[in-house]
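In what follows, a structure is listed as structure tokens, so that the remarks can point back to it.
Letters go in sequence order (proteins before strands), and every chain restarts at 1.
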Amino acid sequence: MSVLLRVENLNAGYVQKDQRIIAARDINLEVAQGEFLGLAGESGCGKTTLAYAITGLLERPGEVFSGRVEFNGEDLLSKSPQEMRQIRWKEMSIVMQASMNVLNPVMRVRHQFYDMMRAHLGHNDTQHYDSRVLEMFRMVGIAPEYLDAYPHQLSGGMKQRVVIAMALALRPKLVILDEPTTALDVVIQRSILQQIDKLRRELGFSIIMITHDLSLLVEIADSIAVMYAGSIVERAAAEELYNEPLHPYTYGLMNSFPPLVGRRKRMHGIPGHPPDLSGLGPGCSFAPRCPRVIKGLCEIAAPPLEEVTPNRYAACQLYRDAGSRTTG
Amino acid sequence: MRYFVRRIGFLLFTAWAALTINFILPHMMPGNPAQVMLAKFQGRLSPQALSALTEAFGLNMDKSLFMQYIDYWKRIFTGDFGISLTYYPSRVIDVLAESVPWTIGLVGCATIIAFTLGTLLGIFSAWRRNSALADALVPVALFFNSIPYFWLSLLFLYLFAYYLGWFPLAGGYNIYTMATGFALLPSIIHHGVLPLSTIVITALGGWMLTMRNNMISVRADDYVAFAHAKGLPDREIKYRYAARNAILPSITGFSMSLGFVIGGSLLTEVVFSYPGLGYILYQAVTSLDYPLMQAIFLFISLGVLIANFFTDMIYALLDPRVRDGGV
Amino acid sequence: MRKLSFILSNKKAVVGGCVLLFLVLVAIFAPVIAPYGPNETRFFPSLPPSREHLLGTTSLGQDIFSQVVWGTRLTLTVGLVTGSICAFISTTIGLVAGYFGGWVDEVLSLITNVFLVLPGLPLMIIIAAYITVQSVVPIIVVISITGWAWGARVLRSQMLTLKSRDYVKAAIVAGEPPLRIIFVEILPNMLGLIVANFFGAALYAVLSEAGLEFLGLGNVNAVTWGTILYWAQNNQAMLLGQAQWMVVPGLLIAILGMSFALLNFAVDEMTNPRLRR
């Protein structure tokens, strides 16, 4: 499968009083065509900043400091806002956090679709729009009569489906889902995600799904990247990550929820809190909370993300051989 | 529908309250206004006129308060507000009929212009926030918003009418012309420019600041961020998403401050001797013409209340949530 | 200290505060600043500005500069006192209505809305015409009656928001008495809004006072900026070439009003996180 999105050494964050606060640090990612990548981490770990950096939505005081985002063979960071506007939604769409409130409260759903389509399709053929919207409605399971509803007339789950229909309407190559279902109850959450996954298989688009819920990801994602304090600490195929988490943080996250199958065991969670991004030391940012911390090493040197076994990456001193330890 | 019924109910209730306040006021005041008035006009009016006046003013001491209140309502529904003392022997209702259109025209035009202009400036100032020009608009608006209406009127009157002679010194139209109907229009406009611009200038800033703050709030709302993510053109986001929502609280503010604008306009009318309600009210107040005063307050209140009702209806047109009986 | 530097970092607050402070000082030290008494009529009438009479003299031979300085006292008093009264009424009504809800809210909101839509200035004019105004007290009362409703409405809706916060719910569950919750738990979180509301009401009061006095409905013998304008207008100041008699007090009203407006706006900006930056 060919690579659709490649993120290289991306640094993005916020400028506060002339000080750079890096919320996403040295990010390297690849998403293949049709792949479902899960991005997991606690809130405030930089997931959303990363998503906004990729889609060109980071606004002042947010900023991309360095790195490269290659999408469909094109360098996105060198594009003008105008060009990004065209790419956004036609080529890649994003379902944002708090999607309960992303629909304009004073506009009928129909016209919110029209606005988006008019901006990207360059014509004003409402009949064509309608047939496309109704097709999307059918796909996400909404009755056609809701086309003329106002957002407040829809339930939370329906709003979410409308937003997803909107995200898929122009057949983008990549859909980014940022905590898409946190406001919904578990049953609806699951049914919506399964539907999206089914559509992905049918239509062949790629997904990056951002969530704090690792258990959800191991179930449906192809591969998973785990973020902690702005950096990716582990990357692996979902199944492998589930079977054998390498990074102690991933391990901790896995133990924060009960296993879906098999014997119930004691849950641990991770003691302590994620660090403040503005005051990171030189060492591994997880070291203060890490149960397997190597005293005298982890606090001093931050390990880079390295291939531990084929296609498995982790940023942890535990998996570094003696040679690279001294040079790194 | 429920909203509509509620608003109608509120309109009727406030109208009742305003009319009742209007009735009670003279009774609550120290001394007896009727007596003061009678003393003042003794000898100038015929005895019939005087007794009609007492009756009309509802200060006939032989009747119980409640009966007077009933009479008061009867007179309102028959449009019988008595005889004006200032414009004796004109009936109050006729004096009003002549001045009401002037005020509606002046205040109506000024409010619409000020609201539109202020709102547009507010949109601009919020959208271009942190640019020098947009930010400079804020203190300027605050200043104009703090100028006393009548003082600006006076300055304009002396500068543009007296000193430069560009505009007439007083009145609503040229009273020496033979023209009638539409032929009067140029003269009316010529007389209206100065009073209108003072009201617009002093009222503009308030609308601008309200809209600016609303816009800034709305800009941070999720649907604006999402519209941006959807790749909509900036212009479309600005007007169809941000401004379209930001104007809703402005409209609520509009109905609330209407009373204030009218108050200011009354003073402007006084300065320009503009033949509207404000000028007449001033005449009535200085010559203790209580029947006329009472009727003017009644008309202004009703005018504001009705204007408010229409604003509420416009609000409902613009906000589907209100129509459905929500927020 | 941090709060102070936070306030000082807002230019509008600093400018508004300085102007207000300056005028307060002028009011306090009026006897020192003003060269003559406000009602001394011993000068030659209608003098143009000069070294002896910075702003000239009135048609009655009073020193205009001294009048303006003395006038600061009453004008400021009316603004500040009325602002306080309005803020007090609107805080009480808004908080009580918002906190208790139900029929209490229905009744109080209805009253508030009625006062909101009743045209204030015409009502004041009528009331002022009935009573013979001998001091500024009736003016304060009349403006207060019509000026509190706006703030009450704003504070009520803020109360509704705060009431749903966890710490308030916790206090309710813990069985704290309502008045304690309102004034100890919630009120401190609304101070910004109340202060903003106070300045808004003070602005309204100053403008209304000027309007009433200009119409001759105040006590025309008291010395305020409004009555100075009244006499200036009645003596055709502008036509007689005494423009400063008219311009200065009006400009001062606008400047005082602007300092209130700046403070109102600044407090709003500081307490509403969305307006910051």
Engaged part of Ile94(A) at the chain B interface, taking heavy atoms whose separation is under 4.5 Å: both
Audit row: Tyr241(B), Gln112(A), side-chain contact (heavy atoms from CB on, under 4.5 Å) steps and yes/no: CA-CA 10 Å; Tyr241(B) 288 74; Gln112(A) 307 200 32; 4.3 Å; yes
Check each atom of Ala225(B) against the heavy atoms of chain A and say whether the ones under 4.5 Å are side chain, backbone, both or neither. both
Given 3.5 Å as the limit, does a donor-acceptor pair link the side chain of Arg88(A) with the main chain of Ala229(B), or not? yes
For Met107(A) and Arg244(B), run side-chain contact (heavy atoms from CB on, under 4.5 Å): C-alpha distance rounded to whole Å, both residues' side-chain angles, the deciding distance at 0.1 Å, then the answer. CA-CA 9 Å; Met107(A) 244 170 141; Arg244(B) 178 67 177 72; over 6 Å; no
Derivation and outcome, side-chain contact (heavy atoms from CB on, under 4.5 Å), residues Arg85(A) and His228(B): CA-CA 8 Å; Arg85(A) 198 166 67 66; His228(B) 198 61; over 6 Å; no
Heavy atoms, side chains only, cut-off 4.5 Å: are Asp222(B) and Met96(A) in contact? no
Evaluate the criterion side-chain contact (heavy atoms from CB on, under 4.5 Å) for residue pair Phe226(B) and Val95(A); output intermediate values, then yes/no. CA-CA 8 Å; Phe226(B) 190 60; Val95(A) 174; 5.7 Å; no
Main-chain N/O of Val224(B) paired with Asn104(A) side-chain donor or acceptor, under 3.5 Å: no
Relative to chain A, which segment of Leu318(B) carries a heavy atom at a distance below 4.5 Å: side chain, backbone, both, or neither? backbone
Using non-hydrogen atoms and a limit below 4.5 Å, what part of residues 119-128 of chain A faces chain B? Ala119(A), His120(A)
Cut-off 4.5 Å, heavy atoms of chain B, and the answer for Gln82(A) is neither
For Met166(A), is it the side chain, the backbone, both or neither that has a heavy atom under 4.5 Å from a heavy atom of chain B? side chain
For residues Met116(A) and Leu232(B), report the shortest heavy-atom separation together with the two atoms involved. CA-CD2, 3.6 Å
Please identify, among Pro81(A), Gly56(A), Ala167(A), Pro105(A), the residue contributing the most non-hydrogen atom pairs under 4.5 Å to chain B. Pro105(A)
Just wondering, do Asn101(A) and Asp221(B) contact through their side chains at under 4.5 Å, heavy atoms? no
Members of residues 140-157 of chain A whose heavy atoms come closer than 4.5 Å to chain B: Tyr150(A), His152(A), Gln153(A)
